[in-house]
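One structure below.
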Amino acid sequence: MPDATSAAPTDRPTPAQAAAPARPPALSGVPVDQRRAIVVGASSGIGAALVRQLVSEGYHVAALARRAEELDKLAAESEHLGVTSGGRVLTRTHDVLDITAIPTLFEDLVRELGGLDLLIYAAGVMPAMEPREYDTAKDLFTLNVNTAGCIAWCNPAAHLFTSQTRGTIVGVSSIAGDRGRKGFPVYCTSKAAMNTYLEALRNRLSEVGVHVCTIKPGFVDTAMTKGMDGLFWLSTPEEASAQILAAARNRVNTRYVKGRWWIVGTIIKLIPSVVFRRLSI
Amino acid sequence: MSELVTESRPTPTAAPRSDFEFVAGWGMAVGAHARVLRPTDVDQIRACFDVARADGRHLGLRGGGNSYGDASVNEDGHVLDIGRMNRILGFDAETGIADLEPGVTIQQLWREIVPQGFWPRVVSGTMFPTIAGAAAMNIHGKNNYAVGTIGDAILDFDLVRPDGQVVTCSRERNSDLFHAAIGGFGMLGVFSRIRLETKRVYSGDLEVQAISSANLGEMMASIEERKAAADYLVGWIDCFGSGDGIGRGLIHEARYLKPGEDRNPEKTLALAHQELPAHILGFPKSEVWRFLRPICNDLGMPWLNATKHFMGKREAKAAPHRQSHAAFAFLLDYVPGWKRAYGPGGLIQYQSFLPKETAHDVYTEMLRHCQHRGIVPYLGVFKRHRPDPFWLTHAVDGWSFAMDFRVTKSGREKLWKHCAELTEIVLAGGGKFYFAKDLVIDGSAVRRMFDADKLEAFLGLKRELDPEFLLQTNLWRRLFA
């Protein structure tokens, strides 16, 4: 219940107290330091690296993921990283499939952080898929995590950032969204949808000064690529996170990680469909 | 898990729309995150109270968000934004009585009635406040000395109390609540319908005359002399004027045209005639604030004010001219987003109201004090007022002086200290402040400026209608908690 006593007339300050030198009200949520971030999908890979880097730069970061033990590990590491920078991390277990919980969770986190300047959606799944496998449940799971979860997190952030006329949204998508590949039909679909959604959001928010950055990683050395053959131009999660944050700060629209994947992406997009379907990519 | 896609289609509900956002005062010098609830009917207003109770949060009320300070900011709480209840329920072109949902803006109202030969009795300097916000703040216009505040034009209203009951209030029915809720800054309940009188006009134009004045004394004498005949009077003051020229400025006087004076009223009453210009000196008006940004500082502003003063002298030599109602009334809307010229720290408006006996000396002292401290308002607006029967009214038989101060990150503390010194001068002169503008006074000032009986009666009504103190804002906590 609202605290009735705080407003009761008997609690009003005496004239002597009230005559104390006037001080301006605290600026709640106003960009004093601009260093508050939410990272969704923070337990491993790129997300975890982003949290570590943000904390070591002095950010207050809310790190969200499904796996509590991974988050605990991250929190312990971050405590150490934040000693000199003043950064800190608060962790929450969260499954992005729990879409209805997101608005309230978002609100709680922003209140706890004292504002928000950066939202990073780094949650993503790429379930193993056999050549003749058509599993609708698995496909919808991929779509829900990669696309629906992204939309569900970006929407409240877009609304908040519009009201404060500043803020940055970063979506970690994939180069896989550039074409429909035979190996992972719905993974590619989910990332293509994410790319289009983020582009639309960028166009919608640019007039209020809010930036949306689409990240298209190539191969990154994370759990997702573990055991894959034929990897090349591999980034470590740390390299990826440094490039992602640099892109976000420079207000880059779309950034391949590493940058040279842009060449691959551009060529792949140019290959005619009749040729593309014969390739094993 | 996959049911998320198949079963998450949105369904219409009785719950008000809810968004979590940054809610700032209009002057951008204060703001806080809050969940904003946007009801569309009385049931949803009740639902807002329930949501706040269930979440253990206070509920602050917000109209158009045009109060300069913290009147609709509610840190750690929820905010009820009335803007979606914005239908004009009826307008009687015989009597000029408008029946409005609370979220109708002044803009909607004048656009509805001007082609029918009416104009709102009282409008603010901007057309974007809602009627509910205007009533809750008991706003005034440039004709306050002649027709009073908007409360004086309101016939009756429905108010949703925090317990969910809807009460109709007028001067005869629930008269106490009528006089307390108007000017009650949203602390007693939520307006759900307001009926008010508007004024018959015989032209879409006013006749406007500029009068230059060399100092404050001259301006006050000039306004005093004209106020019996003029329908509107407003003074602009160059706050940088010093010595004999302290309080120098320019008065604009306007009067309604009588029947027959406008040979073509259909044309002037048309909306097309009332629209504000889309371009200023050839630039799209939405971009003009960018040109003000580099001069909105202690070097540029003395120059801009002095230039305006000398241009005003020339303007005053010209014969009276005609100007549309909207162009005369909504000076603040000429340059959209002009507040952004003040920079990221925003601005505060320090508006004080003084009885006619002390006003001249107190305002002169305040201007001198500002110049001595080196914290001078970039814009000064001067008006004549009259008292009204509302319990927490700001209006007096006297004058008001609105001073716009730029807020910067480094100068904030100093500015607040400066304002505290000004407040002491105002209160010693028997002055008052206005909740739609204020961000700087404290609880002791409130007790000194209001009539003690009326203040106690207001707080008594608050305890009775809202015993759990559900309705709160930053302003309430700053001044009454």
Side-chain angles (χ1 to χ4, degrees), chain A residues 1-9 11-32 95 97-100 103-104 106-108 110-111 114-116 136-141 143-145 147-149 152 156-157 159-167, chain B residues 1-6 8 18-24 28-33 35-36 52-53 56-59 70 73 75-77 344 407 409 412-413 415-417 419-421 423-424 439-445 447-448 456 459 462-463 467-470 472 474 476-478 480-481:
Chain A
M1 286 315 300
D3 182 7
T5 54
S6 74
D11 263 7
R12 275 182 273 141
T14 64
Q17 286 169 322
R23 291 182 64 82
L27 280 170
S28 150
V30 166
V32 182
D95 188 337
L97 295 178
D98 190 5
I99 281 183
T100 48
T104 316
F106 179 78
E107 176 178 334
D108 291 346
V110 176
R111 287 192 194 268
L116 189 69
T136 305
K138 202 188 252 191
D139 287 346
L140 290 184
F141 167 69
L143 265 183
N144 282 333
V145 173
T147 312
H159 192 93
L160 177 76
F161 288 163
T162 301
S163 70
Q164 62 188 26
T165 63
R166 49 175 200 89
Chain B
M1 52 179 103
S2 47
E3 71 244 301
L4 286 168
V5 164
T6 50
S8 60
S18 157
D19 303 296
F20 183 65
E21 54 192 64
F22 185 69
V23 178
M28 307 182 299
V30 67
H33 290 95
R35 195 189 306 168
V36 182
R53 281 193 188 97
R57 296 201 185 268
H58 300 299
L59 189 64
D70 54 0
V73 175
E75 195 166 352
D76 295 325
V407 183
K409 204 170 146 188
R412 222 172 135 86
E413 293 267 343
L415 176 60
W416 254 256
K417 217 170 274 170
C419 289
E421 291 163 359
T423 301
E424 199 42 56
L439 185 59
V440 300
I441 65 169
D442 59 23
S444 68
R447 286 191 295 283
R448 284 167 73 185
E456 204 30 66
L459 294 171
K462 170 80 175 163
R463 284 191 289 270
E468 52 196 338
F469 289 82
L470 192 68
Q472 292 197 19
N474 279 28
W476 164 266
R477 289 187 288 272
R478 174 164 61 86
F480 294 88

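Note on naming: letters A, B, ... go to the chains in the order of the sequence lines (proteins, then strands), and numbering restarts at 1 for each one. As a basis for the values below, the full set of heavy atoms in this structure was taken, side chains included, without hydrogen atoms, waters or symmetry mates.
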Among side-chain atoms of His33(B) and Glu107(A), is any donor-acceptor pair under 3.5 angstrom?
no
How long is the span from the OG1 atom in Thr104(A) to the CZ atom in Arg35(B), to the nearest 0.5 Å?
6.0 Å
Any donor-acceptor pair under 3.5 Å from Ser163(A) side chain to Phe22(B) backbone
yes
